[in-house]
Amino acid sequence: MTRLSELLLPTERQPPADAEALSHKLMVRAGLIRQLGAGLWSWLPAGWKTHEKAVQIIREEMNAIGGQEMLMPVMLPRELWKRTGRDQIDELFTLEDRKGSELVLAMTHEEAVTTHVAQVVRSYRDLPLILYHFQTKERDEPRPRAGALRTREFIMKDSYSFDRDEEGLAASYEKHARAYDRIFDRTGLRWYSVESDVGMMGGSGAHEYMAPCAAGENEVALAPGYAANVEVASAEAQPVDLPAPLPTPERVHTPGATTVEDVVRSLHVPAGALLKAFPVVTEGRGLLLVLVRGDHRVNEIKLQNALGEPFRTAHEDEIRERIGPPGYIGPVGANCPIILDEAVADGGYVTGANDPDHHLRGVEPGRDFPFERADVRTVEAGDFVNGHPITIEPAIEIGNIFQLGTRYSEPLGATFLDENGKEQLVIMGSYGIGPARIVAAAIEQYADEQGISWPRALSPWDLEVIGIGKGDTPEKQAAAKLAADLQDAGFDVLLDDRDAGPGEKFADAELLGLPLRLTVGKRGLEAGSAEAKIRRGLVDVEDGVPLDSAAEAVRELWDTLP
RNA sequence: CGGGGCGUAGCUCAGCCUGGUAGAGCGCCGCGUUUGGGACGCGGAGGUCGCCGGUUCAAGUCCGGCCGCCCCGACCA
């Protein structure tokens, strides 16, 4: 049992002036976290309890799939990161020791864990392995924000799978996916798993676990049976009414109309009847002209994936020389390959004429210019997947799973001998979860006007007992006994034994947000019962709970709570 | 990295334009009254006004530099 009179729980009536996100405001107001610098936060006792609740759920489910918990250092020799090439990442903190030896602060632990596996694993008999730890990650984020949602230092559960082949990796990946399903279900969050970009981790497949909330930094496209990060989402575009076709492109005078909006206004056609030209340059293919519908946006991640290599936007002189005057460029007559987005249906479009102050109308892909097809646009709310319109929601990334392949085993020499005595590279996966984000997302999803409303799996204590009155009143004595009884019955109890007024106690209880609140007052004491209020929705339990058999009554009530 | 904003008591802020004894509310400490939704009275503690420099008889206030923090965007294994 924890007595509030002895607990460091600095609640604030007003949110910090610089807080924007709901979870940021409430975590500070409720006394869960305090800031020391940009992206640097301390967890106060109550906050740390919630963090550890999330950690324990994760630990249990990782152990259940055969994960072996260990611990690796935060400070690592830079040499390992040079081998994988990741020492050039901007977010990596670097330092030197007194001898001038180069060190880095781990932003993840692929290098460290793979080094151990390279040293220790010799035979196919040593595989498969799942290793994990909860350890601090350090990232020099360009912009930390929103309290605990994006910090420069945070604890992550990162696990790594080591298999002898792709089949083994698929099995380890699937184990993690199922463990993650159970973990996020147990937290009480609203969440979903989405397809994601593999990013600079490389590898062959990835999913992200997303918790929808207003403060989320990611956008997720959703339809029945479909969920994907907008970075990689594909959908069928909403149709657009095209003007009647023309036998051949027709030149029109459009003075000063260098943007889609200008052309729409000048020619009285819908934006979707335009083709927007996006000239890019890649190392392998040189200049390329990417075309998407005028009402669509190029998705740079999808474009990079479609090209199979990084690109940059073309410089003005490159555009002038090979295509036309910026503002009026189009595919007809362009001296470079053309990539046409899949959402561009057959028909006649308005494009730049590659001539100042002119456009062409009635331009038909194929008839008037050659092209390659690719899906390179950003999906929009209302597009269709399997006939259902999609919605787009902001969400916070709470976990991810990656198939890494040999991205790390190769540079770090993690190999084993197979049955034939032949040396093979270990096939890896990596899997992260941020407990702090789970906590913050739970606050974002369930908080109301009065404050936090914890799902019971994450609540710092199970329930709060309040004794009305100041000094040694009979109500407070009864409350203390009730709290002790419930603690003995296996509940983790917070007792508000402070000499404060009832209003202050209620307000603090609602701010802190434990799932259940029991109040012992004069009236209830005479009737032999404590009042019970469920935090979610602030619902009063009829007749409260009897003081002489509180444990059974609370147990019954507890099982009904969210 | 681009744009914007802020830094004065534990918290939220006023004071700066127009230089002249550092303020309010909440919180905190003491005493008393009060006791079912952040009560009231009286008394009190608490400040290198982010830092450095300049102008001035005099700087929280004007000028310059620096540092820190927040927001939007870019970025984000």
Side-chain angles (χ1 to χ4, degrees), chain A residues 8 10-21 24-25 28-29 31 34-41 81 84-93 104-112 137-147 149-152 154 156 158 160 196-203 206 208 215-218 229 231 300-301 313 396-397 399-402 404 407-408 430-432 434 450-451 466-471 473-476 479 496 498-511 517 519-526 530-531 533 538 540 544:
Chain A
L8 179 69
T11 59
E12 293 289 346
R13 205 179 285 215
Q14 284 159 314
D18 54 19
E20 202 76 18
H24 179 185
K25 291 178 182 171
V28 174
R29 281 193 58 209
R34 283 283 168 123
Q35 184 171 27
L36 282 173
L40 300 173
W41 293 85
W81 290 67
T84 61
R86 291 211 304 169
D87 67 320
Q88 295 306 316
I89 293 174
D90 289 337
E91 283 75 27
L92 186 68
F93 279 109
V104 303
L105 300 179
M107 48 195 295
T108 62
H109 282 81
E110 279 82 2
E111 281 81 359
K137 303 292 180 272
E138 307 280 354
R139 298 182 187 181
D140 194 359
E141 290 284 349
R143 189 153 92 82
R145 61 178 290 275
L149 281 180
R150 186 166 206 82
T151 55
R152 292 196 292 178
F154 60 97
M156 183 188 238
D158 40 325
Y160 304 92
S196 71
D197 184 47
V198 293
M200 70 186 278
M201 296 291 287
E208 289 166 339
E217 296 183 287
N218 295 88
N229 193 319
E231 289 177 347
E300 302 197 355
I301 290 171
T313 54
I396 178 79
E397 182 183 348
N400 56 39
I401 56 179
F402 281 102
L404 290 176
R407 167 72 179 82
Y408 296 90
S430 81
Y431 315 87
Q450 313 337 304
I466 292 178
I468 297 293
K470 289 181 185 170
T473 62
E475 299 94 291
K476 290 186 77 176
D496 190 347
R498 296 175 301 173
D499 282 332
E504 191 174 348
K505 291 177 180 173
F506 295 148
D508 272 349
E510 279 150 20
L511 177 60
R517 177 176 107 204
T519 304
V520 181
K522 203 175 281 179
R523 290 196 302 268
L525 188 55
E526 284 165 7
E531 291 153 47
K533 194 187 269 286
L538 292 172
D540 285 310

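Any value given below was found using the heavy atoms of this structure, including those in side chains, with hydrogens, waters and symmetry copies removed. Order of the sequence lines fixes the chain letters, A, B, ..., with proteins taken first and strands second; residue numbering starts at 1 for each chain.
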(request) Look only at the side chain of A/Glu141 and the backbone of A/Arg143, and say whether a donor-acceptor pair between them is shorter than 3.5 Å. (result) no
(message) Strictly by Watson-Crick or wobble contacts shorter than 3.5 Å, is anything paired with B/rG7, and which nucleotide is it?
(response) B/rC67
(message) Would you say A/Gln35 places a side-chain N or O within less than 4.0 Å of OP1 or OP2 belonging to B/rC70?
(response) yes
(message) When the C1' atoms of B/rA74 and B/rG4 are compared, how many Å lie between them, rounded to an integer?
(response) 15 Å
(message) What's A/Lys533 touching, base or sugar-phosphate or nothing? Going by heavy atoms closer than 4.0 Å.
(response) base
(request) Could you let me know what B/rG43 is paired to, Watson-Crick or G-U wobble, both distances under 3.5 Å, or none if it's on its own? (result) B/rC29
(message) Measuring only the P atom in each nucleotide, how far is B/rU61 from B/rA9? A whole number of Å is fine.
(response) 15 Å
(request) Would you mind classifying the nucleic acid contact of A/Arg517 as base, sugar-phosphate or nothing, using non-hydrogen atoms under 4.0 angstrom? (result) base
(message) Any base atoms under 4.0 Å from A/Gly501, or only sugar-phosphate, or nothing? Heavy atoms, all strands.
(response) nothing
(message) Can you confirm whether the side chains of A/Ser430 and A/Glu110 place a donor and an acceptor under 3.5 Å from each other?
(response) yes
(request) With C1' as the reference atom in both, quote the distance from B/rU8 to B/rG25 in angstrom, rounded to an integer. (result) 15 Å
(request) Could you work out which one of B/rC71, B/rU12, B/rG37 sits closest to the side chain of A/Pro16? (result) B/rU12
(request) Please check the phosphate of B/rC11 (OP1 and OP2 only) for any side-chain N or O of A/Arg29 closer than 4.0 Å. (result) no
(request) Sort out the partner of B/rC75 for me: Watson-Crick or G-U wobble, both distances under 3.5 Å, none otherwise. (result) none
(request) Indicate whether OP1 or OP2 belonging to B/rG27 is found under 4.0 Å from a side-chain N or O atom of A/Arg13. (result) yes
(message) Using atom C1' in both nucleotides, what's the gap between B/rU55 and B/rG19 to the nearest angstrom?
(response) 11 Å
(request) For the pair A/Glu510 and A/Lys533, find out whether any cationic side-chain nitrogen is under 4.0 Å from an anionic carboxylate oxygen. (result) no
(message) When you compare the side chain of A/Asn218 with that of A/Asn229, does any pair of heavy atoms fall below 4.5 Å?
(response) yes
(request) May I ask you to evaluate whether A/Arg143 reaches the phosphate of B/rC71, defined as a side-chain N or O under 4.0 Å from OP1 or OP2? (result) yes
(request) Could you give the distance separating B/rG5 and B/rC29 at their C1' atoms, to the nearest angstrom? (result) 37 Å
(request) Quote, to the nearest angstrom, the P distance that separates B/rG65 from B/rC26. (result) 41 Å
(request) Select base, sugar-phosphate, or nothing to describe what A/Gln14 touches, counting heavy atoms under 4.0 Å on all strands. (result) base
(request) Give one of base, sugar-phosphate or nothing for A/Gly37, where a contact means two heavy atoms less than 4.0 Å apart. (result) sugar-phosphate
(request) Sticking with atom C1', work out how far B/rC75 lies from B/rG64, rounded to a whole angstrom. (result) 33 Å
(request) Answer yes or no: is there a donor N or O on one side and an acceptor on the other, between the side chain of A/Lys476 and the main chain of A/Arg498, under 3.5 Å? (result) yes
(message) Roughly how many Å apart are B/rC57 and B/rC52, using the P atom of each and rounding to a whole number?
(response) 22 Å
